[in-house]
Chemist: 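Below is one structure. I have some questions about it.
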Amino acid sequence: MGISLRKRVLVTGGAGFLGSHLCRRLLDAGHDVLCVDNFFTGSKDNILELLDNPHFELIRHDVTFPLYVEVDQIYNLACPASPIHYQFDPVQTTKTSVHGAINMLGLAKRVKATILQASTSEVYGDPEIHPQTEEYWGRVNPIGIRACYDEGKRCAETLFFDYYRQHGLPIKVARIFNTYGPRMHPNDGRVVSNFIMQALRGEPITLFGDGNQTRSFCYVDDLIEGLIRLMETPKEVTGPINLGNPVEFTIRELAERVIELTSSSSKLVYQPLPQDDPKQRQPNIDLAEKTLGWKPTIQLNDGLEKTIAYFSKF
Ligand code: NAD
Ligand code: UDP
Ligand code: UDP
């Protein structure tokens with residue numbers, strides 16, 4: 001890429017799972033990357049080999065406080081994503097989504113940057129519409145234990161669209177469905193990392209509920225490609241756009257798949273289903289296919305193999 005095309009790109013939450021992959025892809029594409037993270041769930045290990053790159057900068061900063069930097073694009077990913085982490089300090093989770101969005105939108109407005117929000121399939125809550133399309137308004141319990149995350153993300157979407165309508169800010173909202181891959185936190189409690197770690201250690205695989213609830217799992221490389229394509233769309237493309245893999249599995253099928261791929265002797269054990277746990281989730285990605293020419297290419301088995309190889313190091 002020619003030097004004139006080099007952009008200054010801010011990635012909040014850049015030391016997390018998705019953020020660290022995104023920082024790498026942006027550097028590979030020839031951009032200057034500014035990673036902002038408070039290291040709540042992310043870590044320097046995720047970005048260790050980027051620290052020597054002169055086009056990469058790291059700032060320890062909490063996005064609930066104002067930030068004054070000069071950039072061309074902002075990917076707003078800062079927010080814990082796993083239920084055990086976002087429920088650890090729920091007030092801080094809401095602050096991160098809401099105050100974080102206000103600060104990053106204020107920054108984008110001042111420097112005239114395009115800003116992309118990492119929203120989530122959780123805005124659909126425990127859905128009555130299946131698969132979920134972007135038109136669906138969702139079914140979220142506003143006072144439940146997941147609300148700090150779900151409602152925080154919903155309010156962030158509101159703020160993005162009000163900055164778009166009120167200030168003409170170029171915005172992009174991606175609704176990300178369950179994504180997995182290397183550099184997920186091994187203890188973050190999400191299902192893919194839990195099952196792989198349990199299988200590798202020969203420990204029981206913990207199925208919450210009857211294991212018949214479904215999720216659709218997207219490999220991280222596919223997801224990052226979708227985010228970058230969305231950022232590069234013309235101003236009139238705001239989203240929200242679902243990004244995820246539409247191939248749906250039950251959680252029990254996932255457990256069986258992980259046991260098979262790790263040749264593990266682990267047995268399934270059943271534990272209570274957490275409150276408000278969505279029963280089914282599958283993205284309709286027609287809009288992403290039409291607008292971004294994007295769809296996932298990596299099959300669950302291939303993605304799981306790469307993820308298992310990563311977790312084998314722990
Ligand atoms: P993650 O927990 O690995 O990354 C989040 C990052 O944000 C971490 O590095 C964390 O330290 C940082 N962070 C948290 N609060 C912060 C704050 N107040 N100030 C600065 N940094 C802060 O999670 P992830 O899976 O990489 O998720 C990234 C984003 O994508 C999140 O916004 C999440 O809601 C969204 N998302 C992820 C998934 C998924 O399946 N991975 C699905 C839907 C949405
Ligand atoms: N802000 C920031 N960096 C900037 C500009 C603004 O962090 O470069 C924050 C600031 O704290 C402000 C918020 O973004 O409160 C919203 O900014 P906006 O200009 O939309 O509204 P204000 O509250 O300043 O009227
Ligand atoms: N889950 C499970 N065992 C675990 C962790 C999660 O059965 O050890 C289930 C969880 O109840 C949910 C699904 O797997 O139905 C996905 O959970 P995760 O926390 O990864 O993501 P989310 O619920 O936010 O989609």
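Read the numbers this way: they start at 1 and go in the same order the structure lists the ligands and their atoms. Model, not experiment: these values are computed from the prediction.
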Chemist: Identify which of Ala156, Gly152, Ala81 has a heavy atom lying nearest to atom 27 (O) of ligand 1.
Modeler: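 That would be Ala81.
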Chemist: We want to know whether Thr206 and Gln198 form a side-chain donor-acceptor pair, criterion being a heavy-atom distance below 3.5 angstrom.
Modeler: yes
Chemist: Flag atom 11 (O) of ligand 2 as yes if some protein heavy-atom distance to it falls below 4.0 Å, otherwise no.
Modeler: yes
Chemist: Which ligand 1 atoms, with their elements, are less than 4.0 angstrom from a heavy-atom of Ala78?
Modeler: 7 (O), 20 (C), 21 (N), 22 (C)
Chemist: Using a strict 4.0 Å cut-off to heavy atoms of His61, name the atoms of ligand 1 that fall inside it.
Modeler: 19 (N), 20 (C)
Chemist: Hey, could you give me each pair passing salt bridge (charged side-chain N to carboxylate O under 4.0 Å, His left out) that has a residue in residues 55-79? Not counting sequence neighbours.
Modeler: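 Qualifying pairs: Arg8-Asp72, Glu70-Arg110.
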Chemist: As a check for students: among Phe208, Tyr180, Tyr86, identify the option with a heavy atom nearest to atom 2 (C) of ligand 3.
Modeler: Phe208
Chemist: Does ligand 2 have any atom sitting under 4.0 Å from a heavy atom of Phe65?
Modeler: no
Chemist: Pull out every atom of ligand 3 sitting under 4.0 Å from any heavy atom of Gly189, numbered as shown with elements.
Modeler: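 Taking each heavy atom of Gly189 in turn, ligand 3 has 5 (C) under 4.0 Å.
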Chemist: Where is the nearest protein heavy atom to atom 15 (O) of ligand 3: which residue, which atom, and how far?
Modeler: Asp277 OD1, 2.5 Å
Chemist: So, does Ser82 sit close enough to ligand 3 that a heavy atom of it is under 4.0 Å from the ligand?
Modeler: no
Chemist: What I want to know is whether Asp37 and ligand 1 share at least one N or O pair that is separated by under 3.5 angstrom.
Modeler: yes
Chemist: Do any nitrogen or oxygen atoms of His167 lie less than 3.5 angstrom from nitrogen or oxygen atoms of ligand 2?
Modeler: no
Chemist: Can you tell which of Val192, Asn194, Ile251 gets a heavy atom nearest to atom 13 (C) of ligand 3?
Modeler: Ile251
Chemist: Please work out whether any backbone atom (N, CA, C, O) or any side-chain heavy atom from C-beta onward of Met104 is under 4.0 Å from ligand 2, and answer side chain, backbone, both or neither.
Modeler: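 Neither; no heavy atom under 4.0 Å.
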Chemist: Return the residue, atom name and 0.1 Å-rounded distance of the protein heavy atom closest to atom 17 (O) of ligand 2.
Modeler: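 For atom 17 (O) of ligand 2, the nearest protein heavy atom comes out as Gly106 CA, 3.3 Å.
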Chemist: If you count the atoms of ligand 1 from 1 in the order shown, which ones are under 4.0 Å from a heavy atom of Gly42?
Modeler: 8 (C), 9 (O), 10 (C), 11 (O)
Chemist: Answer with side chain, backbone, both or neither: which part of Thr41 has a heavy atom less than 4.0 angstrom from an atom of ligand 1?
Modeler: both
Chemist: Does any N or O of ligand 1 fall below 3.5 Å from an N or O anywhere on Thr120, backbone included?
Modeler: no
Chemist: Is the closest N or O pair between Thr206 and ligand 3 shorter than 3.5 Å?
Modeler: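 Among all N and O atoms of Thr206, at least one is under 3.5 Å from an N or O of ligand 3.
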Chemist: Any idea which atoms of ligand 1 are less than 4.0 Å away from a heavy-atom of Asn178?
Modeler: 40 (O)
Chemist: Which option, Asn178, Val191, Asp188, owns the non-hydrogen atom nearest atom 14 (O) of ligand 3?
Modeler: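 Among Asn178, Val191, Asp188, the closest heavy atom to atom 14 (O) of ligand 3 comes from Val191.
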Chemist: Quick one: which of Tyr180, Tyr149, Phe177 has a heavy atom closest to atom 36 (N) of ligand 1?
Modeler: Tyr149
Chemist: May I ask you to list the atoms of ligand 1 that are less than 4.0 angstrom from any heavy atom of Gly16?
Modeler: 3 (O), 4 (O), 8 (C), 9 (O)
Chemist: Using distance alone, with no hydrogens and no angle criterion, decide if Ser193 and Asp188 have a side-chain donor and acceptor under 3.5 Å apart.
Modeler: yes
Chemist: Considering only the protein, which heavy-atom contact is closest to atom 20 (O) of ligand 2, and what is its distance?
Modeler: Tyr163 OH, 2.5 Å
Chemist: Heavy-atom contacts under 4.0 Å between Ser119 and ligand 1: side chain, backbone, both, or neither?
Modeler: backbone
Chemist: Does any N/O atom on Phe40 come nearer than 3.5 Å to any N/O atom on ligand 1?
Modeler: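 Phe40 vs ligand 1: N/O contact under 3.5 Å present.
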Chemist: Would one find an N or O of Leu67, backbone or side chain, under 3.5 Å from an N or O of ligand 2?
Modeler: yes
Chemist: With a 4.0 Å cut-off on heavy atoms, does Arg190 reach ligand 1?
Modeler: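 Yes; Arg190 lies near enough to ligand 1 that a heavy-atom distance drops under 4.0 Å.
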Chemist: Would Arg281 count as a contact residue for ligand 3, given that I'm defining contact as a non-hydrogen atom of the residue lying under 4.0 Å from a ligand atom?
Modeler: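 Yes, Arg281 has a heavy atom closer than 4.0 Å to ligand 3.
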Chemist: Which of the numbered atoms in ligand 1 are below 4.0 angstrom from a heavy atom of Phe39?
Modeler: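 Here the atoms of ligand 1 in question are 11 (O).
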Chemist: May I ask you to check if ligand 3 and Arg215 share an N or O to N or O distance below 3.5 Å?
Modeler: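 Looking only at distances, the answer is yes, because the N/O contact criterion of under 3.5 Å is met.
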Chemist: Provide, to 0.1 Å, the distance between atom 22 (P) of ligand 3 and the closest protein heavy atom, together with that atom's residue and name.
Modeler: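 Answer for atom 22 (P) of ligand 3: Arg146 NH2, 3.5 Å.
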Chemist: May I ask you to list the atoms of ligand 1 that are less than 4.0 angstrom from any heavy atom of Ala15?
Modeler: 9 (O)
Chemist: Which residue holds the protein heavy atom closest to atom 30 (O) of ligand 1, what is that atom called, and what is the gap in Å?
Modeler: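 The closest one turns out to be Leu18 CD1, 3.6 Å.
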Chemist: Under 4.0 Å from a heavy atom of Gln92: which atoms of ligand 1 are those, numbered in the order shown and with their elements?
Modeler: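 By the 4.0 Å cutoff, the relevant atoms are 18 (N).
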Chemist: Please report which non-hydrogen protein atom sits nearest to atom 9 (C) of ligand 3, along with the residue it belongs to and the distance in Å to one decimal place.
Modeler: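 The closest heavy atom on the protein side is Gln213 NE2, 3.8 Å.
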Chemist: With a cutoff of 4.0 Å, is Asp62 in contact with ligand 1, counting heavy atoms of the residue only?
Modeler: yes
Chemist: At under 4.0 Å between heavy atoms, is it the side chain or the backbone of Lys153 that contacts ligand 1, or both, or neither?
Modeler: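 The answer is the side chain of Lys153.
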Chemist: At less than 4.0 angstrom from any non-hydrogen atom of Leu207, what atoms of ligand 3 do you find?
Modeler: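 Reading through ligand 3 atom by atom, the close ones are 7 (O).
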Chemist: Would you mind telling me if ligand 3 is within reach of the side chain of Glu122, the backbone, both or neither, using heavy atoms under 4.0 Å?
Modeler: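 The answer is the side chain.
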Chemist: Does the side chain of Lys172 come under 3.5 Å of the side chain of Thr233 through a donor N or O and an acceptor N or O?
Modeler: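 Result is yes, a qualifying pair exists.
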